[in-house]
Number of protein chains: 2
Amino acid sequence: MLNYSSSEENYLKAIYHLQAETGKVTTNALADELNTRPASITDMMKKLSSKGLLNYKPYYGFSLSAEGRKAALIIIRRHRLWEFFLAEKLGFGWDEVHFVAEELEHVSSKKLIDKLDEYLGFPQFDPHGDPIPNSKGKINTTVLVPLAELPINQPAKVVRVANKSTQMLELLGDKKIAIGSVIQVQKRFDFDGSLELRLKPSLTEIISEQLAKNIFVQL
Amino acid sequence: MLNYSSSEENYLKAIYHLQAETGKVTTNALADELNTRPASITDMMKKLSSKGLLNYKPYYGFSLSAEGRKAALIIIRRHRLWEFFLAEKLGFGWDEVHFVAEELEHVSSKKLIDKLDEYLGFPQFDPHGDPIPNSKGKINTTVLVPLAELPINQPAKVVRVANKSTQMLELLGDKKIAIGSVIQVQKRFDFDGSLELRLKPSLTEIISEQLAKNIFVQL
DNA sequence: ATTAATTTTTAGGTTTGTCTAAACATTTAA
DNA sequence: TTAAATGTTTAGACAAACCTAAAAATTAAT
């Protein structure tokens, strides 16, 4: 198993995420995601493609090779296992785990990660509901329904939140929405896409369309 | 609290250890400890002294400032807490923990380390018996007796091993010596300094002087 | 007390990962 | 369908952390 620098790992991860979320990976989108300049992206793309981790032709965009994808999933595995550890064992809030896991994910010992996985009881999802790849880099990719698209009066369970910002997680806390919450959409306001949710028989909340797009449910 | 690069942290730690073990810190000794060239040491000494972490005058050697010492102890704290975690919670062997902790120690979140400390039950010693500094950087410095200097027939408990190499830990495993073992020196062979130890009424072992110098006991 | 050996520092390079500014391609709009 | 806007790449610099080779300072030996 090869070893990559922290920078290389961050690029691989960012490419994977952009590919999964928006379908296409462009120089500017990556620069934006990684808070770097487009020129730095071009440089790193050359490097990673020379290592066979991605397919790249100038001006034609890029995508992860099979090897690059696998490397990205290993890094994502580390990240999510550490997030689980921080939340479950050390009592971190789900809005705090991401930042610390960004550092821990670059510790590269495979044995460490596999032992940690075992110690944690082979968890399937991180605290935000994202699936944790297994030690071979295989990931469970169930397609989930964004709350914004849930039919009226159809009960469903919150299983994932897509945005990890403190701001969003604070808002969710305020609305009493967490992973596992069972929700029903009582009304959809077409004007702005906002939703009236029923959380418990006696508890309803109004949420914006923007928030609803970041909450994923399972029927 | 300031933040240092992994390299800076490794230098601080190495200086601390050399200072504690041999009393003096020279350019060559440090280069040796860190597997770098003397020229690199000089470069970094300039950098660290300009940051106020050590006292340095060309050709006059160097020593940690109060701030540098505190920084070093924070890094050592992280290292030893991770070692404890790896051994205690993940089931790593004591010969495996050092290497992985070398990476984990550079993750800089103070909250992470303090929560980890709490989770582990505020351990006082790492798996090799080295004391773990507290969150303020204070370290317990009991002076211990090397087994090589233990009087004949005086029972004592093994509390620390100074060398962390796989080779030494393998040898200790073979001789059935571990932290906590109660030992008596039955005979000292002046020719080569080797010792005949009594581990249990029915178990004696011969060890070299070199090994005996790396084992520390408490009466 | 010179000379020799050793240690430390300086001078000048290299690699990695970043940057700015300018050039080049592609896409969009008039 | 050419011009403008946008997106991407190249060219050249820079800082961090390392290196080699040579110079300078210190220490040891005759």
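Chain letters run A, B, ... following the sequence lines, proteins first, then strands; residues in each count from 1.
For D/dT9, the OP1/OP2 oxygens have a side-chain nitrogen or oxygen of A/Thr27 closer than 4.0 Å. OP1 or OP2 of D/dT10 lies within a sub-4.0 Å distance of a side-chain N or O belonging to A/Lys46. Look at B/Tyr56 and you'll find a side-chain N or O under 4.0 angstrom from OP1 or OP2 of C/dT9.
If you check every strand for non-hydrogen atoms under 4.0 Å, A/Ser7 touches sugar and phosphate atoms only. A/Ser40 comes within 4.0 angstrom of a base, heavy atoms only. When heavy atoms are screened at a 4.0 angstrom cut-off, A/Phe62 is found touching no nucleic acid atom at all.
Nearest-nucleotide positions on DNA chain C for A/Ala39 and A/Ser5 put A/Ser5 closer to the 5' end.
Between A/Met44 atom CE and D/dT10 atom C1' there is a gap of 18 Å when expressed in whole angstrom units. In this structure, B/Leu30 places its CG atom 11 Å from P of C/dT9, rounding to the nearest Å. The nearest whole Å value for the distance from the CD1 atom in B/Ile41 to the P atom in D/dT20 is 13 Å. For B/Met45 and C/dT7, the CE to C1' distance is 15 Å, given to the nearest whole Å. Rounded to a whole Å, the CG atom of A/Asn28 is 14 Å from the P atom of C/dT27. For A/Leu48 and C/dT16, the CG to P distance is 13 Å, given to the nearest whole Å. Separating the CG atom of A/Asp43 from the C1' atom of D/dT8 is a distance of 12 Å, rounded to the nearest angstrom. Between the CG atom of B/Leu34 and the P atom of D/dC19 there is a distance of 10 Å, rounded to whole Å.
Using modelled atom types and a 3.5 Å distance limit, the side chains of B/Ser194 and B/Asp192 yield a donor-acceptor pair.
In this structure, B/Tyr11 has its ring center no closer than 6.0 Å to that of B/Tyr16.
Here the nucleotide nearest the side chain of B/Thr36, chosen from D/dT8, C/dT8, D/dC19, is D/dC19. When distances are taken from the side chain of A/Arg37 to each of C/dT20, C/dT8, D/dT9, the shortest belongs to C/dT20. In this structure, of C/dT18, D/dC18, D/dT8, it is C/dT18 that holds the atom nearest to the side chain of A/Tyr11. Side chain of A/Pro38, nearest nucleotide from D/dT10, C/dT9, D/dT9: D/dT9.
The closest side-chain heavy-atom distance from B/Leu144 to B/Val217 is not below 4.5 Å.
More than 12 heavy atoms of other residues, nucleotides or ligands sit less than 6.0 Å from atom CZ of A/Arg160.
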Name every donor-acceptor pair, under 3.5 Å, that has one atom in a side chain of residues 121-129 of chain A and the other anywhere in the protein, sequence neighbours excluded.
unit_1, atom_1, unit_2, atom_2, d
A/Gln124, NE2, A/Phe122, O, 3.1
A/Asp126, OD1, A/His128, N, 2.7
A/Asp126, OD1, A/Gly129, N, 3.1
A/Asp126, OD1, A/Asp130, N, 3.0
A/His128, ND1, A/Glu83, OE1, 3.2
A/His128, NE2, A/Trp94, O, 3.0

